[in-house]
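The basis for the numbers below is simple: all heavy atoms, side chains too, and nothing from hydrogens, waters or symmetry mates.
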Amino acid sequence: MEIFVDFGLFEFLAALGLAAAARAAYRRRWLGILLLALSVLAPALLLAVSRGELARWLAAACLATALVNAGLIGTLMRRHDFGQLLARQQRGLGEQP
């Protein structure tokens, strides 16, 4: 049972804030590449410093998902200019090629 009677308002606001931060970060190509590199580097570092077997498996799972995410977002960044793509969607012109 939920303690707060906000019906998910705070979670919704947190998701909106995260989406706005991602949109602002990936508008600049160098910042997007830096964030992708950090998102892959952090689980790789965890894999290197983890001692137990369970911790290594968890770090390997995190690294696998980070590599998939970086591969997909990196491909989109290489094929499209994210700044124009995000601005076009923001203005409501996402239907045009």
Side-chain angles (χ1 to χ4, degrees):
M1 184 171 158
E2 190 172 349
I3 296 172
F4 300 109
V5 190
D6 64 348
F7 301 106
L9 176 66
F10 295 120
E11 292 84 357
F12 180 67
L13 291 176
L16 283 178
L18 187 61
R23 175 174 277 184
Y26 288 111
R27 264 195 198 149
R28 295 172 184 86
R29 185 174 297 268
W30 62 271
L31 187 58
I33 291 171
L34 178 71
L35 288 175
L36 285 178
L38 285 175
S39 72
V40 172
L41 185 64
L45 186 63
L46 279 175
L47 188 62
V49 298
S50 62
R51 297 193 188 272
E53 185 177 351
L54 179 63
R56 283 186 192 247
W57 279 106
L58 288 173
C62 291
L63 181 61
T65 58
L67 286 172
V68 168
N69 289 339
L72 290 174
I73 293 174
T75 302
L76 282 174
M77 286 178 66
R78 200 176 81 209
R79 287 189 181 173
H80 304 288
D81 183 18
F82 259 26
Q84 290 178 354
L85 186 66
L86 293 174
R88 195 179 312 158
Q89 287 179 353
Q90 189 175 16
R91 288 189 309 238
L93 302 175
E95 299 85 25
Q96 297 178 357

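L67 is not connected to L36 by any chain of hydrophobic side-chain contacts under 4.5 Å among Ile, Leu, Val, Met, Phe, Trp and Tyr, and they are in different clusters. Cluster membership check: L35 shares its hydrophobic cluster with I33, using side-chain heavy-atom separations under 4.5 Å among Ile, Leu, Val, Met, Phe, Trp and Tyr.
S50 and A55 make their closest contact through CB-CB, 3.8 Å (heavy atoms, listed as atom of the first residue, atom of the second, distance). Summarising the geometry of R56 relative to R51, their closest heavy-atom pair is NE-O, 4.1 Å, with the distance given to 0.1 Å. Here the closest non-hydrogen pair linking M77 and R29 is O-NH1, 2.7 Å.
Rounded to the nearest 0.5 Å, atoms CD (E53) and CG (L58) are 11.0 Å apart. A distance of 7.5 Å separates OG in S39 from CD1 in I73, rounded to the nearest 0.5 Å.
Checking each of V68, L47, L46, L41 against L63 for a side-chain contact (heavy atoms from CB on, under 4.5 Å) leaves exactly one that passes, namely L47.
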